[in-house]
Asker: 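Take a look at this one; I'll ask things after.
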Amino acid sequence: MKTAWIVHQYASTPETGMGGRHYYLGRELAKKGYRVYLIASASHHLLREKPALKEPFEIEAIAEGFNLVWVNMPSYAEAHSRQRALNWFLFPWRIQRLVNFIRDKPDVILSSSPSPVAFLGAQRLAKKFKARLVFEVRDIWPLTLTELGGYSSKHPFIRFMQWVEDKAYRDSDAVVSNLKNSVEHMVERGMQREKFAWIANGFSLDEVNSGMPLDASTKRMLPKGKFLVGYTGTFGLANDLYTLIDAAELLKGNDDVVFVLVGGGRDKHSLLSYIEKKKLKNVITLDYVPKTQVQQLLMELDVLTVGAKKQPIYKFGVSPNKLFDYLYAAKPIIYHIESGDYSPVKSASAGYEVESGNPQALASAILKVYRMSTIERELMGANGRRAALEQYEYNQLSEKFAEVLFDL
């Protein structure tokens with residue numbers, strides 16, 4: 001039985017955070033007979049519930065063959081904390097002691113970004129065990145920090161991370177990413193093209209079929225007899241939500257069309273102020289719903305939107321988790337992300353793709369769906385569900401993941 005150690009500092013379970021990519025891939029790998037240890041910090045800004053550790057490490061058994069290894073780390077308040085940056089260096093150092101803690105020795109060690117600094121710790125462990133080494137890129141650092149964060153490429157810390165990124169491409173046995181076209185950036189940084197594998201994010205069929213009903217109080221807040229335009233997820237500037245609100249303003253004369261925004265985040269207050277300033281009566285905001293209820297919520301909506309602000313870095317592709325939930329929900333999707341030649345909605349004939357930052361184009365696409373017959377909408381939604389089941393279900397994605405990890 002082969003064993004994989006997956007080093008991802010910001011991993012979680014659905015109970016402690018979002019769960020996410022490595023939780024679901026790890027669970028599916030275990031079902032296939034592999035042993036998986038997902039190694040994560042017990043204190044980071046993406047956790048809703050932080051495990052209370054009394055020892056340096058704690059193993060939480062998730063399923064047969066799948067364990068989450070929590071690493072005791074200093075806590076910090078928010079994403080821009082100085083302690084978060086310090087933890088980037090402390091985490092790869094602390095995980096060296098796992099050599100004598102985890103009973104099953106690894107055949108492969110995967111290190112997932114961000115931050116790339118963890119790769120140095122994963123590489124050291126791989127050398128000790130003579131294990132295969134895989135580097136995974138979910139955010140291209142430090143390019144993300146220079147293009148989106150405004151940092152200078154000449155800053156000493158950015159130059160250090162650039163050195164780590166180049167080293168990871170050079171020294172890893174394989175490189176995997178959820179960003180389809182990121183291979184072009186990697187090759188420019190010196191990686192051999194044949195090392196690369198694209199494995200998208202996805203969705204868990206078990207989870208979406210869990211059958212958890214939508215909370216009655218949430219359901220009561222949804223207008224009856226209206227055409228509902230939905231968004232679920234983080235209320236962040238990066239998600240192009242101000243364009244969505246501007247589109248709502250353009251359509252406020254149509255009493256049948258109502259926008260439903262579900263979620264939260266650090267920018268929610270600003271977004272609510274923007275809605276109030278425009279005196280929009282056709283926009284409703286709701287708090288997060290549990291992930292097990294998301295599919296039931298999506299069933300109540302008529303068209304779903306997913307967006308991102310226009311940024312050059314997105315030419316390498318994107319992989320927003322909500323997109324795959326949307327596809328499975330079998331509802332028309334409007335995708336306002338400029339992601340190069342990665343066109344998941346268009347290629348699936350599951351909706352429309354429009355320019356990000358263009359409220360007129362977004363409003364026009366919404367009206368197209370609004371004016372469709374029920375049969376036309378159902379056909380578009382069925383195309384999306386077919387794509388979800390054929391390309392983005394975590395059981396299928398884990399097969400490709402296993403091929404990369406274990407060089408099958």
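None of the values given here were measured: they were computed from a predicted structure.
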Asker: Take Asn178 and Arg138 through the test side-chain hydrogen bond (donor to acceptor under 3.5 Å, both in side chains) and record every step on the way to the result.
Answerer: CA-CA 6 Å; Asn178 58 353; Arg138 294 175 305 111; over 6 Å; no

Asker: Mind checking what makes side-chain hydrogen bond (donor to acceptor under 3.5 Å, both in side chains) contact with Ser373, not counting sequence neighbours?
Answerer: Glu376

Asker: Apply side-chain hydrogen bond (donor to acceptor under 3.5 Å, both in side chains) to Tyr342 and list each qualifying residue two or more places apart in sequence or on a separate chain.
Answerer: Tyr392

Asker: Do Lys315 and Asn181 have side chains that get closer than 4.5 Å, going by heavy atoms?
Answerer: no

Asker: Looking only at heavy atoms, what is the nearest atom pair of Pro344 and Ser347, with distance?
Answerer: O-OG, 3.3 Å

Asker: Are Lys31 and Glu28 close enough for a salt bridge, meaning some N to O gap below 4.0 Å?
Answerer: yes

Asker: Can you sort out the partners of Arg35 under side-chain hydrogen bond (donor to acceptor under 3.5 Å, both in side chains), two or more places apart, ordered by chain and number?
Answerer: Thr3

Asker: Measure the spacing between CZ of Arg386 and OG of Ser349 and express it to the nearest 0.5 Å.
Answerer: 9.0 Å

Asker: Knowing that exactly one of Asp325, Leu397, Leu327 qualifies, which makes a side-chain contact (heavy atoms from CB on, under 4.5 Å) with Phe203?
Answerer: Asp325

Asker: Within 45 degrees of the ring normal and closer than 6.0 Å to the centroid, is that where the cationic atom of Arg385 sits relative to Tyr328?
Answerer: yes

Asker: I need the minimum non-hydrogen distance between Ser41 and Leu47, along with the two atoms involved.
Answerer: O-CD1, 4.1 Å

Asker: Going by the salt bridge (charged side-chain N to carboxylate O under 4.0 Å, His left out) test, which pairs reach into residues 338-365, not counting sequence neighbours?
Answerer: Lys310-Glu338, Lys310-Glu355

Asker: Of the non-hydrogen atoms in Leu405 and Ala4, which two are nearest, and what is the gap between them?
Answerer: CD1-CB, 4.3 Å

Asker: Does Tyr335 have any ring-ring contact (aromatic ring centres under 6.0 Å, His included) partners at least two apart in sequence or in another chain, and if so, which?
Answerer: none

Asker: Atom CD in Gln293, atom CG in Asp215: separation rounded to 0.5 Å?
Answerer: 5.5 Å

Asker: Look up atom CG in Leu25 and atom CD1 in Ile199, then write down how far apart they are to the nearest 0.5 Å.
Answerer: 7.0 Å

Asker: I would like to know whether Lys331 and Glu378 meet salt bridge (charged side-chain N to carboxylate O under 4.0 Å, His left out); could you show each step before the answer?
Answerer: CA-CA 7 Å; Lys331 299 286 182 174; Glu378 288 177 350; over 6 Å; no

Asker: Locate the shortest heavy-atom distance separating Ala329 from Met299; write the atom from each residue and the value.
Answerer: O-CE, 3.0 Å

Asker: Do Tyr24 and Tyr394 have their ring centres less than 6.0 Å from each other?
Answerer: yes

Asker: Mind checking whether His22 and His8 have parallel, tilted or perpendicular rings, split at 30° and 60°?
Answerer: tilted

Asker: Quick one: list whatever passes ring-ring contact (aromatic ring centres under 6.0 Å, His included) with His45, sequence neighbours left out.
Answerer: Tyr10, Tyr76

Asker: Has Ser12 got a side-chain atom pairing as donor or acceptor with Met18's backbone, closer than 3.5 angstrom?
Answerer: yes

Asker: Quick one: pull up CG in Leu98 and CD1 in Ile59 and give me the separation to the nearest 0.5 Å.
Answerer: 8.5 Å

Asker: Is the NZ or CZ atom of Lys368 both under 6.0 Å from the centre of the six-membered ring of Tyr352 and within 45° of that ring's axis?
Answerer: yes

Asker: Checking side-chain polar atoms at under 3.5 Å, does Thr234 have a donor or acceptor matched by the opposite partner on Arg266?
Answerer: no

Asker: Quick one: does any side-chain atom of Ser81 pair with a main-chain N or O of Ala77 as donor and acceptor, under 3.5 Å?
Answerer: no

Asker: With a 4.5 Å cut-off on side-chain heavy atoms, are Phe401 and Ile6 touching?
Answerer: yes

Asker: Sorted by first residue and then second, give each side chain to side chain donor-acceptor pair (under 3.5 Å) pair with at least one member in residues 250-263; sequence neighbours left out.
Answerer: Asp256-Tyr370

Asker: Strictly by side chain to side chain donor-acceptor pair (under 3.5 Å), give each pair with a member in residues 141-160 just once, sequence neighbours left out.
Answerer: none

Asker: Tell me whether Asn383 contacts the main-chain N or O of Ala350 through its side chain, where contact means a donor paired with an acceptor under 3.5 Å.
Answerer: no

Asker: A quick test of your reading: do over 12 heavy atoms of other residues, nucleotides or ligands sit less than 6.0 Å from CZ of Arg170?
Answerer: yes

Asker: Going by salt bridge (charged side-chain N to carboxylate O under 4.0 Å, His left out), name the pairs with one or both residues in residues 183-201, residues two or more places apart or in two chains.
Answerer: Asp166-Arg189, Glu184-Arg193

Asker: More than 12 non-hydrogen atoms from neighbouring residues, nucleotides or ligands closer than 6.0 Å to NZ on Lys2, yes or no?
Answerer: no

Asker: Report the residues that fulfil ring-ring contact (aromatic ring centres under 6.0 Å, His included) with Tyr274, sequence neighbours left out, ordered by chain and then residue number.
Answerer: Tyr242

Asker: Kindly determine whether Phe66 and Tyr34 satisfy ring pair (Phe, Tyr, Trp, His ring centres under 6.0 Å), including the steps that lead there.
Answerer: CA-CA 8 Å; Phe66 180 34; Tyr34 299 103; over 10 Å; no

Asker: For a 4.5 angstrom cut-off between non-hydrogen side-chain atoms, does Asp240 reach Leu362?
Answerer: no

Asker: For the backbone of Tyr37 and the side chain of Asn67, can you confirm whether one donor and one acceptor N or O come within less than 3.5 Å of each other?
Answerer: no

Asker: Can you tell whether the side chains of Lys268 and Asp287 come within less than 4.0 Å, N to carboxylate O?
Answerer: yes

Asker: To check you understand the geometry: which heavy-atom pair defines the closest contact between Glu393 and Leu205, and what is its length?
Answerer: OE2-N, 3.1 Å

Asker: Measure the spacing between OG of Ser75 and NE2 of His44 and express it to the nearest 0.5 Å.
Answerer: 12.5 Å

Asker: Could you report the tightest heavy-atom contact between Leu53 and Asn72, atom names first, then the distance?
Answerer: O-ND2, 3.5 Å

Asker: Apply side-chain hydrogen bond (donor to acceptor under 3.5 Å, both in side chains) to the pair Ser273 and Ser270, showing each step before the final yes or no.
Answerer: CA-CA 5 Å; Ser273 297; Ser270 298; over 6 Å; no

Asker: To the nearest 0.5 Å, what is the distance between CG (Asp171) and CG (Leu120)?
Answerer: 9.5 Å

Asker: Residues in ring-ring contact (aromatic ring centres under 6.0 Å, His included) with Phe259, at least two apart?
Answerer: none

Asker: Residues in side-chain hydrogen bond (donor to acceptor under 3.5 Å, both in side chains) with Ser182, at least two apart?
Answerer: Ser177

